[in-house]
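The first residue in the sequence is number 1, and the count goes up from there. We use all heavy atoms of the structure for the numbers below, so side chains are in, but hydrogens, waters and symmetry mates are not.
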Amino acid sequence: MITAIVLIQTAADRLAEAAQEIADLDGVDEVYSCAGDVDLIAMLRVSRHEDLAEIVPGRINKVEGVLDTDTHIAFRSYSRRDTEAAFSIGLEEELPRSFD
């Protein structure tokens, strides 16, 4: 699975509509409106790089109100949820005690 983070600038009067249109696209997992240098952040999860080439310039950039995009492809995920899941595998059952 390929994860891409797309930073999106929008026209102020189209922000909510653009966010919803982008969220409805296949391959777009989540869209966040945010404060700061960008208006929206879209999380894309696709199986092939070619899918990114279709979604970002072919669909997101064509949504009315989208002014600019900046795409970042993720190499690896580091999250507390992933780390906890990895270390908790098989630890649900009680381990035998060692006797000295």
_Test item: Ser47 and Ile2 side chains (from C-beta on) under 4.5 Å apart, heavy atoms_ =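 Answer no - side chains too far apart.
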_With side chain to side chain contact (heavy atoms under 4.5 Å, CB included) as the criterion, how do Val66 and Gln9 come out once you've worked through the C-alpha distance, each side chain's angles and the decisive distance to 0.1 Å?_
CA-CA 6 Å; Val66 170; Gln9 299 284 341; over 6 Å; no
_My understanding is that only residues two or more places apart in sequence, or in another chain, count here; which of them pass side chain to side chain donor-acceptor pair (under 3.5 Å) with Asp70?_
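Asp70 satisfies side chain to side chain donor-acceptor pair (under 3.5 Å) with His72 once adjacent residues are dropped.
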_Selection residues 57-66 - residue pairs positive for side chain to side chain donor-acceptor pair (under 3.5 Å), sequence neighbours left out_ =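 Pairs touching residues 57-66 that pass the test: Asn61-Thr69.
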_Any pair counted as salt bridge (charged side-chain N to carboxylate O under 4.0 Å, His left out), so long as it reaches residues 9-20, sequence neighbours left out_ =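 Found Arg14-Glu21.
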Shortest non-hydrogen separation from [X] to [Y] and the atoms involved:
| X | Y | value |
| --- | --- | --- |
| Ala18 | Leu40 | C-CD1, 4.4 Å |
| Pro57 | Leu52 | CD-O, 3.7 Å |
| Ile55 | Gly27 | CD1-CA, 3.9 Å |
| His49 | Ile73 | CD2-CD1, 4.2 Å |

*Quick check: are there more than 12 heavy atoms from other residues, nucleotides or ligands sitting under 6.0 Å from CG of Asp26?*
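12 or below, so no.
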How long is the span from the [atom1] atom in [X] to the [atom2] atom in [Y], to the nearest 0.5 Å?
| X | Y | atom1 | atom2 | result |
| --- | --- | --- | --- | --- |
| Ile5 | Tyr32 | CD1 | OH | 11.0 Å |
| Ile41 | Ile8 | CD1 | CD1 | 9.0 Å |
| Leu44 | Asp29 | CG | CG | 8.5 Å |

*Would Leu15 and Val38 show up in the same hydrophobic cluster when neighbours are defined by side-chain heavy atoms closer than 4.5 Å?*
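Per the 4.5 Å side-chain linkage, Leu15 and Val38 are not co-clustered.
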*Give the cluster check for Val6 versus Leu67: same hydrophobic cluster or not, with ILVMFWY residues linked at side-chain heavy-atom distances below 4.5 Å.*
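Val6 does not cluster with Leu67.
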*Flag, side chain of Asp39 to backbone of Thr10, donor-acceptor distance under 3.5 Å*: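 Present.
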